[in-house]
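Heads up, the thing below is written out as C-alpha cells.
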Amino acid sequence: MSVRATCLTLCLTLCLTPPLGAQPRDRADRVADSVLKLMTLDEKVGQLVQMPGAWNQTGPAAPAGGEDQVRQGKVGSFLSIWGAAVTRHLQEIAVRETRLHVPLLFAMDVIHGWRTIFPVPLGEAASWDPAAAERSARVAATEGAAYGIHWTFAPMVDIARDARWGRVVEGSGEDPYLGAALAAARVRGFQNGPPNTTLMATVKHFAAYGAAEAGRDYNTAELSERTLWETYLPPYEAAVRAGAATVMASFNDIGGTPAHASRWLLQDVLRDRWRFRGLVVSDWAGLEELIPHGIAGTRAEAAVRAINAGIDVDMSDNVYATDLAAQVRAGRVTMTTIDSAVHRVLRAKAAFGLFENPYKYSDTTRERTAILTAANRATAREVARESIVLLRNEGGVLPLAKSLRSVAVIGPLADDPKVPLGSWNGAGQAQDVVTPLAGIKEALPNARVTVARGTPVDTPNTSGIAAAVQAAQGADAVILVLGERDDMSGEASSRASVELPGSQLELAQAVIRAARSATPAKPVVTVLMNGRPLAVPWLADSAGALVESWFLGVEHGHALADVLFGDALPVGKLPITFPRATGQLPIYYNHKNTGRPGDVTNHYTSRYLDLPWTPLFPFGYGLSYTTFSYGTPRVSSASVRNGDSVYVDADVTNTGKRAGVEVAQLYVHDSVASVTRPVRSLAGFQRVSLNPGETKRVRFALGPNALALYDLTMRRVVEPGAFTVFVGGDSDTQNAAHFTVTGDTLVLAPAPPRMR
Ligand code: BGC
C-alpha cells in the first residue's frame with residue numbers, strides 16, 4: 001500500500017474541520033485585558049474560585065461567610081445559587097463593595113430543563129432528532145437565565161456502553177456519531193438565542209468518564225488511545241466545534257493521569273489540537289481528589305498539578321483559594337499561567353456584558369413569567385412523544401382504542417409524580433408532573449380506570465400482586481408501568497444488576513398471564529420507565545406491547561397517553577443497546593469482529609455457554625404502528641476515487657396501513673484495513689414521513705471523514721479498498737451495498753499528540 005500525504009490532503013483537513021480559536025481578539029478580550037492589569041495576585045486567584053451555594057429557609061444562598069468572601073474579592077463564581085433576588089443581592093456585593101467591581105457568574109446544572117423538565121438526555125437521544133434536542137436546550141436556557149443563571153454544566157456527552165453506570169442516563173448513549181450530533185445541537189440550544197436567554201454550555205466530563213470500569217461510578221477508564229480518539233472523543237470535539245464556552249474535567253484517570261491533572265487532555269488535545277479558547281472548570285472536588293488518586297500529597301501539590309494542567313476554575317473544594325497564591329509566590333506556578341486562566345474568566349463575564357449590566361439575568365418579572373409557560377410545556381410534550389420507543393407490539397395491541405370502557409393501570413411507577421423528573425431536575429417540581437396514570441385518565445375521560453400498585457419498585461414484596469391481578473381481570477385492557485425510580489440512575493447510582501428490580505417481574509408475569517388466560521384475552525401494554533437499558537428478556541418475549549418511556553419530564557403522562565392511544569406515533573429508536581442480562585455488559589453494536597466471531601455451530605467462537613451473545617434489542621431499534629421496508633441501497637459509483645464523496649440511495653416504503661415516521665440509518669464498514677475496524681459504524685440518519693403505501697428515497701452523502709480511520713501511526717486517513725454500507729431501520733440491518741475506494745491513502749489529519 002503506497003502512502004502519500006499531499007498538499008491537497010492538508011487543505012482537505014482544514015476544510016473539513018474549520019479551525020477554532022482563529023477568532024480575532026474582540027471587545028470581551030479588551031475588557032478582560034484592562035481589568036486583569038489592575039488585579040493583585042489574590043484578586044486573580046479569587047476569580048478562579050467557584051463557591052457552592054447553601055440552602056436556608058428561603059432558598060439557595062451563599063454559605064456562611066460567603067458574602068464576606070465575595071466582598072474581599074475571593075469568589076469569581078457561584079454554583080447552585082439561583083433566583084433573581086439572591087443573584088442580584090450577591091451581584092450587588094460583588095459590584096459595589098469589591099475594589100475592582102468585578103461581577104460574579106452563577107452556574108448551575110441545567111441539564112434537561114429548568115422548571116419545565118424535558119426527557120432525560122438518554123431518553124431525548126432516543127428521538128434521534130438534534131433539532132428537538134436543540135429546542136429543549138433552548139427552553140432550558142431561557143428558563144434558567146430567568147432565574148439569574150449564566151452558566152450550565154451541560155451537555156454531558158460521555159459515551160457509555162455499560163448500562164450499570166448510573167450516569168448513562170445523562171448522556172446520549174453509546175454511539176459517537178449520534179452523540180456528536182446531539183452534543184452540538186444542545187450547545188447551540190443553550191448558547192444561541194435572544195439576549196439574556198443564553199447560558200454558557202459546558203461540555204462534560206472530559207474525558208471518557210463513561211468508560212468507568214465495571215460501570216462503577218468514578219472508576220478508572222482503561223482505554224487505548226485509538227478507542228479514545230475513535231469512540232470517546234468525537235462528541236466532546238463536536239461540542240467544542242459548536243462553540244461550547246466551557247469544558248469540565250472528568251473524575252476518572254486515563255493512562256495513569258487523572259483528567260484534572262492531565263496536560264495531555266487539557267492542553268495538547270483541548271487547546272492545541274482543538275483550539276479551544278474557553279474556560280475549563282474542575283468537577284466537584286476534583287482537585288482535592290488528586291490526593292486519593294495518589295498523584296498529589298498535599299492540597300498545595302494538587303493546586304499546582306491542576307493549574308499547570310489547565311484547570312482554570314476550581315469548583316467547590318477551595319484548593320485554589322487556600323493554596324494557589326502561595327505556590328505562585330514560591331515559583332511553582334507562573335504568573336502567565338494565572339493570567340491566562342483569569343483572563344478566560346473575565347472574558348466570559350465581559351462576553352455576557354456583565355461589566356456594563358451585572359443584573360441583566362436577575363429579573364424578578366422574567367423569573368415569574370418565563371417559567372413553565374404553556375408554550376414550554378407544549379415543546380416538552382412534543383419532545384417527550386418523540387423520545388418514546390416501541391419495542392414490541394404483538395398482534396397490534398397498540399394503539400389502544402379510546403373507546404375502552406375500563407383500564408387497569410398497574411405498577412409502582414404508574415402514579416409517582418417525582419419519578420418522571422429523572423436525575424438533575426433543576427427547579428422541577430413533582431406538582432408540575434403529569435404522571436402516566438393522570439395522562440391515561442385524561443385521554444379516557446369516560447372510562448373506568450382502576451389502579452393497583454402491585455409491588456414496590458426495588459424491595460422484594462409480592463403481597464400486592466393478587467390485588468393487581470384482580471384489577472387486571474376486571475378491566476378491558478391493562479397498562480403495566482414498571483422500571484426504576486429516578487434515583488436509581490444518575491451520579492453515584494450505578495447498579496450491579498440491570499434486571500428489573502424488586503418483585504416487578506413477578507408482578508408482570510402474574511398480570512400478563514392472567515390477562516392472557518381471560519376470555520376474551522385482554523390487551524396488555526407494559527410501559528418501562530428507567531434511566532438505563534434494562535435486561536427484560538421475559539417481557540421482550542411475552543409482553544403484548546412493550547414501550548420504553550424513560551423519564552419524560554413534566555409531560556410524561558400526556559406524551560405517553562398520546563402514543564398509547566394513537567394521537568402520536570412512536571418514532572423513537574434506541575440510542576443504546578439493551579442487553580439480555582447484566583453479564584453481557586459492556587455490549588454495543590459497533591464492536592470489532594474478532595478472529596472468531598460468534599457462530600452457533602462452532603463452539604470455539606466468541607460467545608457464551610448460557611446466553612446468546614446478541615443483544616435483546618439492538619442500537620437503533622424501534623417499531624412504529626406501521627411497518628417499513630427498505631429497498632437495496634444503491635451507491636453512486638461502485639468505484640470511488642479517494643477523497644471524493646459517495647452517495648447512498650435507498651427506497652423506504654410504508655408497507656402498513658397507517659402513516660408513520662421512520663428514522664432511516666446508514667452504517668458503514670471498512671472491509672479490509674490496516675487496523676481492525678468495527679463491524680459497522682453509524683454514518684448518517686434521516687427521518688422519513690410516509691403515508692400507507694408510499695415510498696420515498698433517502699440519500700446519504702458519505703464524505704472522506706465517514707470512511708476514515710486512525711492508522712497504525714494514528715494519522716487520520718482514508719485507505720483504499722472495499723467498503724460496505726448498510727441502510728435500514730436499526731443497527732442489525734443486513735440491507736447492504738458495496739463500493740471500492742481507489743487511489744492512494746488519503747491523509748485527513750496528522751496524528752494527534754500522544755498521551756503523556
Ligand atoms: C458532577 C457534575 C456536576 C457537578 C456540579 C458533580 O458531582 O459530576 O456533573 O456538574 O457535580 O453539580
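First listed ligand is number 1; within each ligand, the first listed atom is number 1. Side-chain atoms are counted along with the backbone in the values below, which use heavy atoms only and exclude waters and symmetry mates.
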Q: For the pair E134 and R186, find out whether any cationic side-chain nitrogen is under 4.0 Å from an anionic carboxylate oxygen.
A: no
Q: Would you kindly specify which portion of E170 sits under 4.0 Å from ligand 1, judged on non-hydrogen atoms: side chain, backbone, both or neither?
A: neither
Q) Which part of Q50 is near ligand 1, with near meaning a heavy atom under 4.0 Å away: side chain, backbone, both or neither? A) neither
**Q.** R167 touching ligand 1 at heavy-atom level, < 4.0 angstrom
**A.** yes
Q: Salt-bridge test for R115 and D432: reply yes if a basic N is under 4.0 Å from a carboxylate O, no otherwise.
A: yes
(Q) Whether the H112 and E170 side chains hold a donor-acceptor pair (N or O, under 3.5 Å, no angle test) is what I'd like checked. (A) no
(Q) For Y361 and F352, take the angle between the two ring planes, folded into 0 to 90°, and tell me which bin it lands in: parallel under 30, tilted 30 to 60, perpendicular over 60. (A) perpendicular
Q. Between L79 and ligand 1, which residue portion shows a heavy-atom distance shorter than 4.0 Å: side chain, backbone, both, or neither?
A. side chain
Q) Does E92 pair with R88 as a salt bridge, N-O distance under 4.0 Å? A) yes
Q: Please determine if D486 and K418 form a salt bridge, counting it only when a charged side-chain N lies under 4.0 Å from a carboxylate O.
A: yes
**Q.** Interfacing atoms of ligand 1 (cut-off 4.0 Å, heavy-atom, F153)
**A.** 10 (O)
Q. With a 3.5 Å cut-off and no angle check, do the side chains of T220 and E213 form a donor-acceptor pair?
A. no
Q: Could you list which atoms of ligand 1 come closer than 4.0 Å to a heavy atom of W284?
A: 6 (C), 7 (O), 11 (O)
Q) Mind checking whether M248 has a heavy atom under 4.0 Å from ligand 1? A) yes
Q: Scan side-chain atoms only and decide if T87 and S362 contain a donor-acceptor pair under the 3.5 Å cut-off.
A: yes
Q) What protein heavy atom sits nearest atom 9 (O) of ligand 1, and how far away is it? A) H205 NE2, 2.7 Å
Q.
Using a 4.0 Å cutoff against the non-hydrogen atoms of K204, which atoms of ligand 1 qualify?
A. 2 (C), 3 (C), 9 (O), 10 (O)
Q) Counting heavy atoms only, which of D109, D283, D158 comes nearest to atom 5 (C) of ligand 1? A) D109
Q. How does Y209 reach ligand 1, if at all, at less than 4.0 Å between non-hydrogen atoms: by side chain, backbone, both, or neither?
A. neither
Q | Proximal ligand 1 atoms for F251, defined as those under 4.0 Å from one of its heavy atoms | A | 7 (O), 8 (O)
